[in-house]
Every structure is written in C-alpha cells, then in structure tokens.
Peer 1: 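For reference, the structure I am asking about is given below.
We count ligands from 1, going down the list as the structure has it; atoms in each ligand are counted the same way. Numbering of residues begins at 1 and proceeds along the displayed sequence. Worth knowing before you read on, the calculation uses all heavy atoms, side chains too, and leaves out hydrogens, waters and symmetry mates.
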Amino acid sequence: MEKWWRDEVIYQIYPMSFCDTNGDGVGDIPGIISKLDYLKSLGVGVLWLSPVYRSPNEDNGYDISDYLDIDPRYGTLADMDRLIAEAKARGIRIIMDLVVNHTSSEHEWFQKSRERIEPYTDYYIWRKGKGKRKPNNWSGFFGGSVWEYDDLRQEYYLHLFAKGQPDLNYYNPVVIAEVKKLMRFWLDRGVSGFRCDVINILYKDSLKNGRPLPALCGAEHYLSTDGTHRILQELRRDVLSQYDCFTVGECVLITPKVAKDLTHENRGKLDMVFSFEHMDADNILIKWFHRRFRPKRLYKAFAKWQKELEWNTIYLENHDQPRSVSRFGASGEYYDRSCKALAVLLMTLRGTPFVFQGEELGMTNFDFTSMDQIMDVESHNVDKVLKKMGFSAKVRWRKMRYASRDNARTPMQWNGRDGAGFTSGTPWLGINSNHVTINAEDEDKNPDSVLNFYRRLTAFRNESEALKSGSFRCTIMNNRVFAFERRVKDDALGIAVNLSPKTVNLPSVGKVLLSNTGREVMDCQLQPYEAVIMQR
Ligand code: ISL
Ligand code: CA
C-alpha cells in the first residue's frame, strides 16, 4: 500500500482545549468541525485527536471507560461521523488515539474483574501481596508504586500510570480480541489510523523486582519485549493490513535500534514511532530536572535519529510537553523569530512533521501562579513525591512552571477577547493572559505573523519533493547552528537554523527560498535565531 502519510503534515488536537461550542468550558467535536477550514488553511493533511472516548477523566481521557462511544462532553457518535465526513470533504484524514495499555478503573471490564465475573476475571494483572508487602518494587510513570489494593477482590492490581488506569493483561488472548474489535469499530467508521499510546510496554515479561536505576524501576521487564512485538504483528495481520491506514507508536525509553525493531517489517510493524531523545535537550534524563538549554543537544539528537532511522516522526510539542518556544526559543526581542526558526526545523527534517495545536501561533508555557490552577494528575502526583524528597515549595513550583504538562494544555487562543474565542463559559483550565497578543484572529491578519509563516512553510513543504522524501545530510552542527542538506537527485535544498542570540558566520552564499527574516540572498552570516531554506 502507498505510504501516503509520509507526505502529510499532521496536526494534533487536544479536544478538551481546542474549541468549545456549548459554553461548558470544555472543547468539543462540533468545535473541531467549526475549525476545519482553519486547519485546511494550515496545509495539514491529517488530524490526530487525543482521546474522545468515554472517560471519567482522571488523566484527561487517557483513562477510557468505553472504547466504543464518544464522551458526552465532546458530543456523540453522530458528531464524530460528521467530523470524519467533513474532514474528508476537505481532503483531511482523522486518526484516533489508541490507549490500550490500560483502561479506566471505571470500565465495565475492570468492575467485573474486581468481582471475578467471567470472562473478565483475568483481563487485568492481579496479584496477592507478600504478607503486607506489595507484589514487587516497581515504580510508576507518575511516581509511587504501581500496585493498588482492591478491597473487593482482595488483591493488588498493576497500574503503570495513575491509580485509575489499571494495566490490561496481555497474557489473555481475549484481551487482544477486544482490542481488535475496537480498532475495527473505528476503522470501519472511516478513521485512517491510530496514534498508539505507550505501545511498547503492553506485554510484561515477568513481575520480578526491578533494578532501581537508571530507568524507571521495573522497566526492564516490560520495555519493547518480544511479547509486545508478537501482539503488534497480530494486530497488523488481523486488522490493520485490511485497511488503508497507518500507525504511529508512542514508544517510551527507546533507542534508535529498538525503534528500528518496532517498525521492522518482520517485527513490530508500526509505521513510525515517537521517540523522546531530543526532548532531553533541556533536562537530565527526566524533565523535572531541567538544565539550561543547549542547542547542540537538540541538533545532535535530531541528527542521530535522522541518520539511524529510514523514517521517523518529527515533533517539538505534544500534550505532554511544555511549549517549545519556552524551552528552545527566546522571549522578548527574538520571541517571534525563534518561533519561526523552530517551525523551519520541524518542517525541513526528514520524516513526518507533527504540529501541536497552538504551536502554529507561538503559544507559550502557562502563566499560572499556584498549584491549584494545575489540573494534571501527573503534576500533582510528582509534586507530592518531590515534597517527600525534601524539595521546597519554591523549587517545586519552579519545576512545575517549567515542566508541567498543563503548559501545553491551556485553551487554544483563537482571539484576544475574554475566553480567547475558546469558550463563552468558564474554561476547564486557565487561559494564558498573553492571548491578547498571541491569537489566531490577529495573526491571521498580519502577513508577518507566526501563523502565516507556518502556512507558507507547510505550503512550501507540500510542494517540495526534496523536503518530503529527500535524503538528509548534516553539514554543520555546533552550539549555535544546525545546517543540513535535503536532496532527491539534483533537487537539493540547504537548511540552516540558528537557535542562539548571536550572529554567526556561515560558509554559504546563494539564493534563499524562504527565511524568517525576509532575506533573499545568503551572505555568509546568519542573524540571531535566523533560519533559512536555500537553493543548492
Ligand atoms: O508525560 C510524560 C512525562 O511527563 C510521559 O512520561 C508520559 O507519561 C508518557 O509519554 C506516556 O504518555 C501517554 O500515556 C499516558 C498519558 O498520561 C499521556 O498523556 C500519554 O501521552 C498514560 O496514558
Ligand atoms: Ca463544550
């Protein structure tokens, strides 16, 4: 089948924060439909929707209580069908989030499993403790133990994420059959694939105690196991291969070697993966221990993955990461230019680019002032853990401001008025006060805005074979500049990006096809935060 998704720019929608049409403060599917023309104007070909299934919302929809229905806050199945059809009419495809490492604890399967009602008894990973001790020493992604005691069943259940997210038991073939069923349900409705949530941790090899370091305690027992590869093969064989669709697997703690394996024809068979190495350019292993951003770390991680993988996803933001301009860009004088420089990086590397809602406007980290403005379950759990470790309130808050996932989740800034054009009611999460200047309505009118630069860039990419499928060759990489060449036959482009506040000398001259400074000729110097695409 044709790998059409390689040619598309993909846009991630976080439905809760995108557009609210009924004033309840929560974004909804009719809201997404109302913005399809805007999305079309951005030149994107695929929308990835973060979960819109029924959910009690402990982890904003990543805790699903019914895979075969739309949560009433977002609308109805009929709304979803209409979205798929209206998008299709504009040449836009929709992919959904497939969250099947765990369900919500409110899912009927779990409720029946607690009572040992067949066939649900073994849908989850239940264990007796050892006396008063938990079944093993593993720690979870959101901090603390992965085991929770259930009084009804009188056993512990495993949850690698929040308490309300029990892990499914992939030793049970009936669980895999359920997953196939729900995938078909959505593919038959017309979705074009899945972003597969934490897909490389499905199958736990054993429940033995874990080594405490260097990764998450216990991770060596479930990361990218052969069992997971077998499951992915089965899903490909029995479901995915029968549709014109693709998968992108979110894969935690992977190396290029493992990524190759997970996308290999005879192994995991995913079409692409999200890797995380470049997300560590401003931290030490985990985001809560951030350090000064060094551009070279970002460039190096990108260059490494470009070299090692035949194809990869390219992204700078998603709903779990702070805003890219607040991490890798500038504030003040060079804010605008740095947003555009990051956009050039995103759109010119080899791979499928993913834009996260608001990134195209230059949205920044939130401006909250206290913990009670934060809704994210991870932030609250981590704050507790950090407190136990002895970090002061001031230090903890500094970490939250820098790394909380809510930085990316504040409502979309559609205009500069009250409610930011996102809602007429009270938004579920605070709106950044900078929406008075950073917003779609004003940027639409300004030809030099970040938004209009994005439009020019996606249009450029959509027309350029060198950018869509050309080879990658790094030509310069230092602590200021990243320059590389993209080439198909004799169609070649040179790209240079400067993510530093200094002017740098560059050994290149020639015609500039697109830049974030308006320059038309390259004269051996790159301005602060300047980015150019040159004819080679
Ligand atoms: O967000 C993270 C760090 O802040 C990651 O560790 C994240 O938890 C990990 O990438 C898995 O993320 C995915 O699954 C989670 C969900 O909370 C995230 O939103 C989702 O992207 C559990 O379903
Ligand atoms: Ca709503």
Side-chain angles (χ1 to χ4, degrees), residues 12 14-34 48-53 55 57-64 70-76 79 97-104 139-143 146 159-168 195-202 215-216 219 223 248-254 273-276 279-280 283 285-290 315 317-322 354 356 375-383 385 399-400 402-409 411-412 419 422-428:
Q12 182 190 354
Y14 197 65
M16 280 184 86
S17 301
F18 192 63
C19 179
D20 170 27
T21 53
N22 63 350
D24 65 355
V26 178
D28 42 53
I29 293 173
I32 301 174
I33 296 172
S34 75
W48 149 29
L49 262 51
S50 274
V52 286
Y53 315 92
S55 162
N57 230 28
E58 178 172 348
D59 188 21
N60 293 7
Y62 283 89
D63 47 326
I64 297 168
I70 298 291
D71 195 279
R73 287 169 317 148
Y74 300 127
T76 61
D79 289 327
D97 219 304
L98 182 75
V99 189
V100 291
N101 174 66
H102 43 267
T103 71
S104 159
S139 44
F141 282 78
F142 295 163
V146 298
H159 63 93
L160 290 182
F161 294 89
K163 254 197 302 212
Q165 294 170 303
D167 282 47
L168 284 162
R195 175 268 186 184
C196 312
D197 192 60
V198 288
I199 203 67
N200 66 323
I201 66 174
L202 296 187
L216 217 49
L223 282 181
V248 46
E250 186 208 24
C251 296
V252 289
L253 303 165
I254 52 165
V273 301
F274 285 122
S275 55
F276 287 89
M279 288 286 113
D280 290 335
N283 63 51
L285 273 174
I286 55 169
K287 63 178 191 175
W288 302 105
F289 296 97
H290 62 265
Y315 74 93
E317 293 188 13
N318 62 39
H319 64 293
D320 293 334
Q321 300 290 337
F354 283 72
F356 176 67
M375 299 295 154
D376 180 25
V377 58
E378 182 203 49
S379 298
H380 285 279
N381 286 2
V382 167
D383 189 57
V385 173
K399 290 184 186 298
M400 287 301 146
Y402 195 81
S404 170
R405 303 194 297 184
D406 277 357
N407 279 305
R409 298 176 179 185
M412 185 69 181
F422 163 71
T423 184
S424 58
T426 310
W428 73 275

Peer 1: Would the distance check show the side chain of Asp63 and the main-chain N or O of Glu58 forming a donor-acceptor pair, the cut-off being under 3.5 Å?
Peer 2: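 Answer holds: yes.
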Peer 1: For atom 3 (C) of ligand 1, grab the closest protein heavy atom and report residue, atom and distance to one decimal in Å.
Peer 2: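 Atom 3 (C) of ligand 1 sits closest to the protein heavy atom Glu378 OE2, 3.2 Å.
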Peer 1: Nearest to atom 10 (O) of ligand 1, what protein heavy atom do you find, and at what distance?
Peer 2: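 Nearest neighbour among protein heavy atoms for atom 10 (O) of ligand 1, to 0.1 Å: Glu250 OE2, 2.7 Å.
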Peer 1: With the Ca ion (ligand 2) as the reference point, give the N/O/S atom of Asp28 that is nearest.
Peer 2: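 The closest N, O or S atom of Asp28 to the Ca ion (ligand 2) is OD2.
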Peer 1: Any protein heavy atom lying closer than 4.0 Å to atom 5 (C) of ligand 1?
Peer 2: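 Neighbour list for atom 5 (C) of ligand 1 is empty of protein heavy atoms (cut-off 4.0 Å).
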Peer 1: Is the shortest distance from a heavy atom of Arg195 to ligand 1 less than 4.0 Å?
Peer 2: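 Yes; Arg195 lies near enough to ligand 1 that a heavy-atom distance drops under 4.0 Å.
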Peer 1: With under 30° as parallel and over 60° as perpendicular, where do the rings of His319 and Tyr14 fit, or are they tilted in between?
Peer 2: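 Judged by the thresholds at 30° and 60°, the geometry between His319 and Tyr14 is parallel.
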Peer 1: Do Asp71 and Ser55 pair up side chain to side chain, a donor and an acceptor below 3.5 Å, judged on atom types alone?
Peer 2: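 Side chains of Asp71 and Ser55: no pair found under 3.5 Å.
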Peer 1: Of the protein's non-hydrogen atoms, which lies at the shortest distance from atom 16 (C) of ligand 1, and what is that distance?
Peer 2: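 Here the nearest protein heavy atom works out to Asp59 OD2, 3.3 Å.
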Peer 1: I'd like to check which ligand 1 atoms, numbered from 1 as shown, lie under 4.0 Å from a non-hydrogen atom of Lys287.
Peer 2: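 Matching atoms, with element in brackets: 3 (C), 4 (O).
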Peer 1: Flag yes if more than 12 heavy atoms outside Lys399 fall under 6.0 Å of its NZ atom; otherwise flag no.
Peer 2: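 Correct, the count exceeds 12.
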Peer 1: Give a yes/no verdict on whether any heavy atom in Met279 is under 4.0 Å from an atom of ligand 1.
Peer 2: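 False for this residue.
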Peer 1: Looking at the Ca ion (ligand 2), is there an N, O or S atom belonging to Val26 that lies under 3.0 Å away from it?
Peer 2: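 Yes, since at least one N, O or S atom of Val26 sits under 3.0 Å from the Ca ion (ligand 2).
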Peer 1: Is there a donor-acceptor contact under 3.5 Å linking the side chains of Tyr402 and Asn283?
Peer 2: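 The criterion, which ignores hydrogens and geometry beyond distance, is not satisfied for Asn283 and Tyr402.
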Peer 1: Give me the residue, atom name and distance of the protein heavy atom closest to atom 13 (C) of ligand 1.
Peer 2: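 Looking at atom 13 (C) of ligand 1, the protein heavy atom closest to it is Asp197 OD1, 2.8 Å.
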Peer 1: If the cut-off is 4.0 Å to any non-hydrogen atom of Arg409, which atoms of ligand 1 fall inside it?
Peer 2: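 Answer, ordered by atom number: 19 (O).
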Peer 1: Closer than 4.0 angstrom, basic N to acidic O: yes or no for Asp320 and Lys287?
Peer 2: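 No, this pair does not count.
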Peer 1: By atom name, which N, O or S atom of Asp20 is the nearest to the Ca ion (ligand 2)?
Peer 2: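 Nearest N/O/S atom: OD1.
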Peer 1: Any N/O/S of Tyr74 under 3.0 Å from the Ca ion (ligand 2)?
Peer 2: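 Of the N, O and S atoms in Tyr74, none lies under 3.0 Å from the Ca ion (ligand 2), which means no.
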Peer 1: Heavy atoms only: give me the nearest Gly23-Ser424 pair and the separation to one decimal.
Peer 2: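 Smallest heavy-atom distance, with atoms named: CA-OG, 3.6 Å.
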Peer 1: Which heavy-atom pair separates Met375 from Asp406 by the least distance, and what is that distance?
Peer 2: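 Closest pair (atom of Met375, atom of Asp406, distance): N-OD2, 2.7 Å.
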Peer 1: Using the Ca ion (ligand 2) as the vertex, how large is the angle between OD1 of Asp24 and OD1 of Asn22, rounded to 10 degrees?
Peer 2: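 Computed angle, vertex at the Ca ion (ligand 2), rounded to 10 degrees: 80°.
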Peer 1: So, Thr76 and Asp79: side-chain donor and acceptor under 3.5 Å apart, yes or no?
Peer 2: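 Side chains of Thr76 and Asp79: pair found under 3.5 Å.
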Peer 1: Would you kindly say whether Asn57 and Arg73 are connected by a side-chain donor-acceptor distance under 3.5 Å?
Peer 2: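 Asn57 vs Arg73: donor-acceptor pair found between side chains.
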Peer 1: Which atoms of ligand 1 are found less than 4.0 Å from any heavy atom of Phe142?
Peer 2: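 Near Phe142, meaning under 4.0 Å from one of its heavy atoms, ligand 1 has 8 (O), 17 (O).
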Peer 1: Return the closest protein heavy atom for atom 7 (C) of ligand 1 as residue, atom name and distance.
Peer 2: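 Going atom by atom, the protein heavy atom closest to atom 7 (C) of ligand 1 ends up being Asp320 OD2, 4.0 Å.
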Peer 1: Quick check on contacts: which atoms of ligand 1 are under 4.0 angstrom from a heavy atom of His319?
Peer 2: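 Contacts of ligand 1 toward His319, numbered from 1: 18 (C), 19 (O), 20 (C), 21 (O).
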Peer 1: Can any side-chain N or O of Thr423 pair as donor or acceptor with the backbone N or O of Asp20 at less than 3.5 Å?
Peer 2: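 No: the side chain of Thr423 does not pair with the backbone of Asp20.
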Peer 1: Is the shortest distance from a heavy atom of His102 to ligand 1 less than 4.0 Å?
Peer 2: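 His102 counts as a contact of ligand 1 under the 4.0 Å cut-off.
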